[in-house]
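First the structure, in the form of structure tokens, and then the observations on it.
Residue numbers run from 1 in the order of the sequence given. Atoms within each ligand, like the ligands themselves, are counted from 1 in listed order.
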Amino acid sequence: MGAVDEVKERIDVVEFISSYVPLKKAGRTYKGLCPFHAEKTPSFVVFPHTQTWHCFGACGTGGDVFSFLMQREGLSFSEALEQLARRAGVALTRPTAESEATNKRREKLLEMHATAAQYFHHLLCQSAEGAVAKAYLAERSIDSQTVERFQLGYALDAWDGLKSHLLDRGYSEAEQLEGGLLVRQEESGRSYDRFRHRLIVPIRDRQGRVIAFGARVLKADDVPKYLNSPQTPLFDKGRTLFGLDLAKQVIREADQAVIVEGYMDVLSAHQQGHSNVVAGMGTALTEEQLRQVKRLTKHFVLALDADTAGSAAALRGISTARQALDRSVEPVLTSQGLVRFEGRLDVDIRIATLPAGRDPDDILRETPEEWPGIVDQALPVVSFYMQAVAAQHDLETAKGKSELVRAVSPLLREISDPVERAHYVDQLARLVKVDERVLLADLERSPVAPRRPAPGGAAGPVIIQEERGVFGPEEYLLASILRDPGALVAAKEELTRLDCQGVSAGDFRDTLNQQLFLMVSKPEGTVEQADPVLESHLDFLRERGERPPVVSPHLLPAELVNRVLRLRDQILQEELTGLRLVQREADESGDRQESVRYQSLVDSSRRRLGTVQRAMYKRSTTGRRREQEEREGLVRV
Ligand SMILES: [Zn+2]
């Protein structure tokens, strides 16, 4: 995730704009007086579900949180990014002498972890002492292929086994302490191996580099059962998913990710050929973990042990968890958080429950044929929660009904899609045998839950380096233009023939993409000193644009035309949806004049949509054949 996306994730557009413009809630939107032109009746609308704003009055502008701040304060994109990043607690990575030193240190820690992993692995496979760990693996039916694939290892029953091995190879005591491989004893000040007489599971980042270790006891009375590396400069358990390096390709292909609780479950799943399985780090799932997977698929299944799934902690969605969170960098996902995450990021999260008393590992070992069915039968979060809570209450009593409604309402309020929401309201109404309208009225009355607060200065900044961003249709278009900016001229000719305008910044909804377009479409040499953040995004797009499949150069203009028409179609459809929404709200509040005004805006965007769709038709195979026939017909006449 790039810094720009991270900022967007953390700053709520309603909250942000409210600090400049007093906003009033009107149905699902917020309204205020446009700060960009003088007006007496509010035509400035903020849409929380898309995190955008639009002025339906004289200026007709719109955009996201970046474009708002840029216009309001007259800032460049970089300046706006800097301000917003500070507010969101996101550190912008700019190469400095200091960060270069940090990078060197990171590199050294990574090498040290790779060396340690080899050391542990060697002990498991080659040493006499490793036999006990081997016996344990055999008992869990973990085969040698899995041992190799995950590079499992064994830590000696000694105080300085790893320590002296690493010292010999040039890793200082301080470095080993920083990497969490040693523990320092308070009184004596002496340090010793953190992992002793345990099965070692290397924990890797997305790129497959060892960043930490998990360790399981081999003696029944040792505690804790599982011991992980502590938080280090390499390892943040809230941002790591075990097995993702090996699962990512399969997750993409299967278009589904299954998330389990323990790393032993992942070993068994992969061994059984279910390689789209990853695990959290023994703590509750965080939004950041899910976001990493979201780049691979939009379909998540959480396979929870029966006791976790049924526990109040997993189901509770509300204030207690949130308060505890305000202090931490990453929120832990409660059921409410999951629903919000689904809505905001447009993903589908389901929960699979395992038979009581059995964890994924048991099933994968004993009855692996049951696994696909369990995953297939996963329920959407809201249904799952509704059923689980319903099971705890007597729905024949008024008290039971009201408790169920009270427990489920916060979840329903998080659902941004009105159709989906209606579906669940209906489901709930049938469950408690209460009229749907009563439930709806109740939902409308209660306050909307606050979004996740920006962490601000109190929380530690999050440093983002690994992934630089999403690569959607807008990014694809930009990458194509980068390959040959000259193709824009040919594309413009074709667009003109179709009664459309050439490609412009307005074809991009994302402010960063607008800025990048302005940069790349300017003639060579006229771009002033570019911002490092913009430059790094250009690099990212260039690199992605070269990955296959690549359109051949002579087809590029046609590709640009198709792409831009599709984007316009989407933008206009969305604009129409927004307009219809505000018009309906004007109708409902009895504002006849406003409603008429919105109608004329609806008409005009419909006309523009018509032009775009006609152009798309003309470029389709049928459209082109038709055109050809007409031309030939004319020739014949
Ligand atoms: Zn305006």
ring-ring contact (aromatic ring centres under 6.0 Å, His included) assessment of F36 paired with F68: CA-CA 10 Å; F36 306 119; F68 181 85; 5.6 Å; yes
Side-chain donor-acceptor pair present, E585, T29, cut-off under 3.5 Å: yes
Spacing of Q583 atom CD and E588 atom CD [to the nearest 0.5 Å]: 11.0 Å
Expected output: side-chain W53 to main-chain D64 donor-acceptor under 3.5 Å: yes
Side-chain ion pair, D603 and R606, N-O less than 4.0 Å: yes
Shell of protein N/O/S atoms around the Zn ion (ligand 1), taken as anything under 2.8 Å: C34 SG, H37 ND1, C55 SG, C59 SG
Electrostatic pair R614-D499, nearest N-O below 4.0 angstrom: no
